[in-house]
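Written out below as structure tokens is the structure these notes cover.
Keep in mind it's a predicted model, so treat the numbers as computed, not measured. Numbers here are sequence positions counted from 1.
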Amino acid sequence: MSTDLASVLDSRILPVLTVPRAATAGPLAEALVQGGARCAEVTFRTPDAEQALKAMATHGGLTVGAGTVLTPEQAERAVAAGARFVVSPGFDPEVVAKCLELGVPVLPGIATATELLRALRAGIDTVKLFPAEALGGVQMLRSLAAPFTQARFVPTGGIDLAHVSAYLAHPAVLAIGGSWMATAAHLEHGEYAAIRRLTAEAVARSAA
């Protein structure tokens with residue numbers, strides 16, 4: 001499972017997208033790809049999320065996953081819509097089991113050592129640290145990584161460009177997720193040039 005996620009997240013930057021209207025999906029995917037992104041997470045938080053994911057999944061240059069997946073039924077819908085990976089804000093054994101059944105990589109969220117231990121016992125060694133900044137940021141990451149040397153993390157939540165280097169410098173971090181590259185305001189106003197620029201900045205910082 002970690003190998004699959006490592007392949008998906010090899011660019012180390014995961015734009016986290018809340019797409020209000022499916023009509024923006026095509027231009028959004030193009031802006032992200034032009035900025036250097038190779039993957040993206042479409043959160044299941046809006047009525048159009050499923051259609052947006054489906055539209056973005058058709059873009060050849062982008063591997064698209066579903067985020068904010070809370071139930072096994074949502075996981076099934078996400079995969080049917082073209083999601084190549086599934087992200088959940090917490091660790092739910094039923095969601096994890098459904099994703100494993102479907103053969104799709106799953107990135108469950110954890111916020112404590114107990115949750116991380118449960119994920120590891122379920123065979124998941126790559127987890128989403130969420131909400132990363134609210135939990136204590138890089139310091140919290142170091143505290144969790146020290147006793148769980150087999151774990152890999154994708155911190156998400158409150159992260160922006162200023163945090164990229166510090167998180168990615170830790171060897172246990174596979175990638176980071178963030179919504180600052182394509183906000184609801186960017187999409188509402190059609191600011192695709194800004195999305196392209198912010199994505200390019202993040203990708204460049206990750207390679208530095």
Checking [X] side chain against [Y] main chain: does a donor-acceptor pair fall under 3.5 Å?
| X | Y | value |
| --- | --- | --- |
| His170 | Tyr167 | no |
| Asp48 | Gln51 | no |
| Arg205 | Leu161 | yes |
| Ser206 | Ile13 | no |
| Arg21 | Ala52 | no |
| Ser88 | Val69 | yes |
| His163 | Asp160 | yes |

Can you name the nearest heavy-atom pair linking [X] to [Y], along with the distance?
| X | Y | result |
| --- | --- | --- |
| Thr199 | Gly36 | CG2-N, 4.5 Å |
| Pro155 | Ala175 | CD-O, 3.1 Å |
| Gly65 | Leu53 | O-CD1, 3.8 Å |
| Asp92 | Glu94 | OD1-N, 2.8 Å |
| Phe91 | Val96 | CE1-CG2, 3.8 Å |
| Val138 | Ala166 | CG2-CB, 3.9 Å |

*Identify, with sequence neighbours excluded, every residue that meets salt bridge (charged side-chain N to carboxylate O under 4.0 Å, His left out) alongside Glu73.*
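Glu73 satisfies salt bridge (charged side-chain N to carboxylate O under 4.0 Å, His left out) with Arg77 once adjacent residues are dropped.
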*Keeping to residues at least two apart or across chains, list the salt bridge (charged side-chain N to carboxylate O under 4.0 Å, His left out) pairs with something in residues 174-202.*
Arg197-Glu201
Separation of [Y] [atom2] from [X] [atom1] (nearest 0.5 Å):
| X | Y | atom1 | atom2 | result |
| --- | --- | --- | --- | --- |
| Thr156 | Glu41 | OG1 | CD | 6.5 Å |
| Glu76 | Thr71 | CD | OG1 | 8.5 Å |
| Asp125 | Phe153 | CG | CZ | 10.5 Å |
| Leu14 | Lys128 | CG | NZ | 8.5 Å |
| Ile159 | Phe130 | CD1 | CZ | 10.0 Å |
| Leu107 | Leu9 | CG | CG | 7.0 Å |

Spell out, yes or no, whether [X] and [Y] are grouped together once hydrophobic residues are joined by side-chain heavy atoms under 4.5 Å, including indirect joins.
| X | Y | answer |
| --- | --- | --- |
| Phe148 | Leu135 | yes |
| Ile176 | Leu144 | yes |
| Val87 | Leu17 | no |
| Val19 | Val16 | no |
| Leu62 | Val42 | yes |

Student check: side-chain heavy atoms of [X] and [Y] closer than 4.5 Å:
| X | Y | answer |
| --- | --- | --- |
| Val95 | Leu70 | no |
| Gln150 | Leu120 | yes |
| Phe85 | Val64 | no |
| Thr63 | Arg38 | no |
| Met56 | Leu32 | yes |
| Ile124 | Pro108 | yes |

*Give the intermediate values and the outcome of side-chain contact (heavy atoms from CB on, under 4.5 Å) for residues Val173 and Arg152.*
CA-CA 6 Å; Val173 173; Arg152 294 295 176 266; over 6 Å; no
_Pairs satisfying side-chain hydrogen bond (donor to acceptor under 3.5 Å, both in side chains), at least one member in residues 99-121, at least two apart_ = Lys98-Glu101
